[in-house]
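Here is the naming used below: chain letters follow the sequence lines, and residue numbers restart at 1 for every chain.
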Amino acid sequence: MLDIALIRRDPDRVRRSLRRRGIDSAIVADLLRLDAEFRNALGELERLQSQRNALSAQIGRAADKAAAADEHRNALDALKAQIESAQTMVAATGPDASASPLAEVLQNIPNLLDDAVPDGASAADNAVLRTWGAPPAFDFSPKPHWEIGTSLGILDFERAVKLSGSRFSILSGAGARLSRALATFFLERAARNEYTEVAPPYLVTRDTMWSTGQLTKFSDQMFFDQAADLFMIPTSEVPLTALRADEVLDFGELPKRYTAYSPCFRKEAGAAGKDTRGLMRQHQFEKVELVWLTAPEGSDAALERLVADAESLLQELGLPYRAVALCGTDVGFNAAKTIDLEVWLPSQGVYREISSCSNCTDFQARRANIRFRRDTKGKLEFVHTLNGSALAIGRTLVAILENCQQADGSVRIPSALVPHFGADRIVRS
RNA sequence: GGAGAGGUGGCAGAGUGGUCGAAUGCACUCGCUUGGAAAGCGAGCAGGGGUGAUAAGCCUCUCGGGAGUUCGAAUCUCCCCCUCUCCGCCA
């Protein structure tokens, strides 16, 4: 959520950001009008409350309180009625009531874009920052991962359909072991980079989901238990970012780094027909997530390090990739700036997203109320939050199967992974 | 799931209808004291919102959350959530 005071102070900055995201900036004028109405109503309410409080205090000081109350009966009755209607007005117009038009507009304005974000109309306008590694040269026609995995007997889509329907998969034998090896490998690297490992809940409350900005009116991507009013996390960004919600952090504690290995659940309703084969787009996948809480002045550098932490994994695995700065229309609701890492997939001959690293500045922290005090006399400030995958496990497994496939149908295991996996190749068993 | 107890400021902990946003202690900040420190003494020290200059000041709201009673609620009533203890069940 944006700071409403910032929108009042510098509405043009908000309009510019919205335009770069391809969103109609007329909502800023709506918001300013609704905000003026709200502050009007609030002023009226507080004026009335002040009058009532003065009279009540007078009664409280009187020797005969009942008599004093009777004396002011008419004024008090009138005030009571006026306060009641003023309260109704404030509630209906204020930014805190979830049903108010002001809250509706405010809560659906995405984060301010960073100036460094490139302009663009679609993903085609994303800026390639750097490319690492060369796509492997095959003296045979490289197969897609689902064929490799199926023929090795480590990937089973048919039985997954039997159990759970489409967009689920089963890893077995060396496949399951490879997935686990990746998780362990990623977590060990995160620990080495001073992230605190967390094993969070995979179901979170509506409040938690709201606090990290996942509950916009456009988001129907989440699995949800209606009876318990609990959401299955679409990423462990949610519990990791909200971990310190409503807390005041010590300045010396920042930057705080968290990591978690978790499943992620997504309906992918809007992606029907896309990536229908294979592991690329599943209702359930696993991921090691990195989250930072930083002081505002530290978040730019933090994003660079976060991206570097994710990149180093791809480099250790020897997987060719490129780093891409998302353009204005591609940056998500919460983020001010996003760097994606895209890994090379030989079967498709394209780079595909394997990590997305974002600086969310104070946007989530304001919702989740995560603050810090710079010094004992200082005021409370919101932290900046960042998140990124390091890495998506299913997609890493896909990249290994495809990039490391051999002419005989076996798959070479990257040497960095051999100690965790326990073998240097996967052969048909 | 059942029974009981409880949720108050950074922490501990008073407060059961009237200047209570809240005693006291600890922690913290500043000052005095000291060669320096400790101790001691004095002062300060919750957050949100509105208005003001992102100042001071003023106003308003907040004692787990929500609704209610009342001129007035931390205090009374109702609902919900959470924590602790005991029992049941389970991994």
Next on the checklist: Could you work out, with side chain to side chain contact (heavy atoms under 4.5 Å, CB included) as the rule, every residue matching A:Thr88, not counting sequence neighbours?
Outcome noted: none

Next on the checklist: On the nucleotide B:C59, are OP1 or OP2 found under 4.0 Å from the side-chain N or O atoms that A:Asn53 carries?
Outcome noted: no

Checklist outcome for this item: With sequence neighbours left out, the residues meeting side chain to side chain contact (heavy atoms under 4.5 Å, CB included) with A:Arg192 are A:Arg189

Checklist outcome for this item: If pairing means Watson-Crick or G-U wobble with both distances under 3.5 Å, then the partner of B:C28 is B:G44

Checklist entry - Under the rule syn = chi within 90° of 0, otherwise anti, which is B:G52? => result syn

Item to check | Side chain A:Asp229, main chain A:Arg206, donor-acceptor under 3.5 Å | outcome: no

Checklist entry - At under 4.0 Å, does any side-chain N or O of A:Arg206 touch on OP1 or OP2 of B:C81? => result no

Checklist outcome for this item: Distance col, row A:Cys264:SG vs A:Glu289:CD, nearest 0.5 angstrom, shows 7.0 Å

Listed pairs, N/O of protein and of nucleotides 11-15 of chain B, under 3.5 Å:
none

Item to check | With sequence neighbours excluded, residues passing ring pair (Phe, Tyr, Trp, His ring centres under 6.0 Å) with A:Phe372 | outcome: A:Phe251

Next on the checklist: Any side-chain to backbone donor/acceptor pair from A:Thr150 onto A:Glu147? Under 3.5 Å, distance only.
Outcome noted: no

Checklist entry - Got a donor-acceptor contact below 3.5 angstrom from the A:Gln221 side chain to the A:Glu268 backbone? => result yes

Show each protein N/O and nucleotides 45-54 of chain B N/O combination with a separation under 3.5 Å, one pair to a line.
unit_1, atom_1, unit_2, atom_2, d
B:G47, OP1, A:Arg373, NH1, 3.3
B:G47, O3', A:Arg371, NH1, 3.1
B:G48, OP1, A:Arg371, NH1, 3.4
B:G49, N2, A:Glu46, OE1, 2.9
B:G49, N2, A:Glu46, OE2, 3.1
B:G50, OP1, A:Arg8, NH1, 2.8
B:G50, OP1, A:Arg8, NH2, 3.0
B:U51, OP1, A:Arg39, NH1, 2.6

Under 3.5 Å, which protein N or O atoms sit close to an N or O of nucleotides 16-23 of chain B? Give each pair with its distance.
unit_1, atom_1, unit_2, atom_2, d
B:G18, N2, A:Ser56, O, 3.2

Checklist entry - Does A:Asp12 come within less than 4.0 Å of A:Arg16, counting only side-chain N to carboxylate O? => result no

Item to check | Test salt bridge (charged side-chain N to carboxylate O under 4.0 Å, His left out) applied to A:Arg73 and A:Asp70, step by step | outcome: CA-CA 5 Å; A:Arg73 180 66 52 195; A:Asp70 284 341; 3.3 Å; yes

Item to check | Under 3.5 Å donor-acceptor, A:Thr329 side chain and A:Gly120 backbone | outcome: yes

Checklist entry - Do we see a donor-acceptor contact under 3.5 Å between the side chains of A:Gln364 and A:Glu237? => result yes

Next on the checklist: Going by purine N1 to pyrimidine N3 plus the second Watson-Crick contact, or the G-U wobble pair, all under 3.5 Å, which nucleotide sits opposite B:A23?
Outcome noted: none

Checklist entry - Do the side-chain N or O atoms of A:Arg73 get closer than 4.0 angstrom to the phosphate oxygens (OP1, OP2) of B:C71? => result yes

